[in-house]
Amino acid sequence: NMNYKTLINKLPKQTELHYINDCTQFFKENKLDINDYKKWNYMLFQYTTDDFHNTINSLDNNNIDYTIKTDYLDLYYILIK
């Protein structure tokens, strides 16, 4: 697990990185239980990312553990350890 500063420095500039615990409204809107996501530390949202593919490449190139899911609007979000 990386700390916030290390992780944000490995991602493209202007990336909005969120702590999972700060995303309670997202979980409510998507009818998800935040407790099911305790193994993840951070989230990124497709709609707040300038270049989603570049973000994915940065995660891959830095061997960062992540998964991609879709929300109730069929927009992508990324969970990061």
Side-chain angles (χ1 to χ4, degrees):
N1 294 351
M2 275 186 220
N3 68 36
Y4 184 92
K5 186 175 181 179
T6 302
L7 181 55
I8 199 76
N9 286 329
K10 293 182 181 293
L11 296 171
K13 291 195 183 311
Q14 309 302 321
T15 298
E16 286 189 31
L17 181 64
H18 305 276
Y19 289 101
I20 287 278
N21 290 335
D22 292 339
C23 300
T24 54
Q25 189 61 38
F26 169 83
F27 287 97
K28 286 179 187 174
E29 289 172 358
N30 284 275
K31 296 180 176 36
L32 299 171
D33 184 349
I34 197 169
N35 293 314
D36 293 338
Y37 295 82
K38 290 224 181 267
K39 74 177 188 175
W40 304 102
N41 296 308
Y42 307 103
M43 289 182 80
L44 296 171
F45 298 98
Q46 175 186 8
Y47 57 88
T48 62
T49 302
D50 287 339
D51 185 342
F52 194 72
H53 294 290
N54 192 23
T55 301
I56 298 301
N57 288 340
S58 292
L59 292 166
D60 288 337
N61 291 338
N62 288 288
N63 297 314
I64 297 170
D65 192 4
Y66 71 93
T67 189
I68 301 173
K69 301 203 176 257
T70 55
D71 66 13
Y72 76 101
L73 298 173
D74 285 330
L75 296 171
Y76 294 115
Y77 64 97
I78 304 172
L79 297 164
I80 302 171
K81 283 193 177 176

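Just so you know, residue 1 is the first one in the sequence shown, and it goes up from there.
K69 NZ to Y37 OH: the interatomic distance, rounded to the nearest 0.5 Å, is 5.5 Å.
With hydrogens and angles left out, the side-chain atoms of Y4 and N41 include no donor and acceptor closer than 3.5 Å.
The aromatic rings of Y77 and F26 sit perpendicular, their planes meeting at an angle over 60°, well past the 30° parallel limit.
I78 and L73 end up in different hydrophobic clusters when Ile, Leu, Val, Met, Phe, Trp and Tyr side chains are linked at under 4.5 Å. With hydrophobic clusters built from ILVMFWY side chains whose heavy atoms lie under 4.5 angstrom apart, M2 shares a cluster with L59. Linking Ile, Leu, Val, Met, Phe, Trp and Tyr whenever their side-chain heavy atoms come within less than 4.5 Å leaves L32 and I68 in two separate clusters. Residues Y19 and L44 are members of one and the same hydrophobic cluster, defined by side-chain heavy-atom contacts under 4.5 angstrom among Ile, Leu, Val, Met, Phe, Trp and Tyr.
Without hydrogens or angle criteria, N62 side chain to I64 main chain gives no donor-acceptor distance under 3.5 Å. Under the 3.5 Å distance criterion, the side-chain polar atoms of Y72 are left unmatched by any main-chain donor or acceptor of K31.
Atom NZ of K81 has more than 12 heavy atoms from other residues, nucleotides or ligands within 6.0 Å. With a 6.0 Å radius and a threshold of 12 heavy atoms from other residues, nucleotides or ligands, Q14 has its CD atom at or below the threshold.
Side-chain contact between I56 and Y66 is present, with at least one heavy-atom pair separated by less than 4.5 Å.
Shortest non-hydrogen contact noted between I20 and I34 is O-CD1, 3.6 Å. Summarising the geometry of H18 relative to C23, their closest heavy-atom pair is CB-SG, 3.6 Å, with the distance given to 0.1 Å. W40 approaches D65 most closely through the heavy-atom pair CZ3-O, 4.0 Å.
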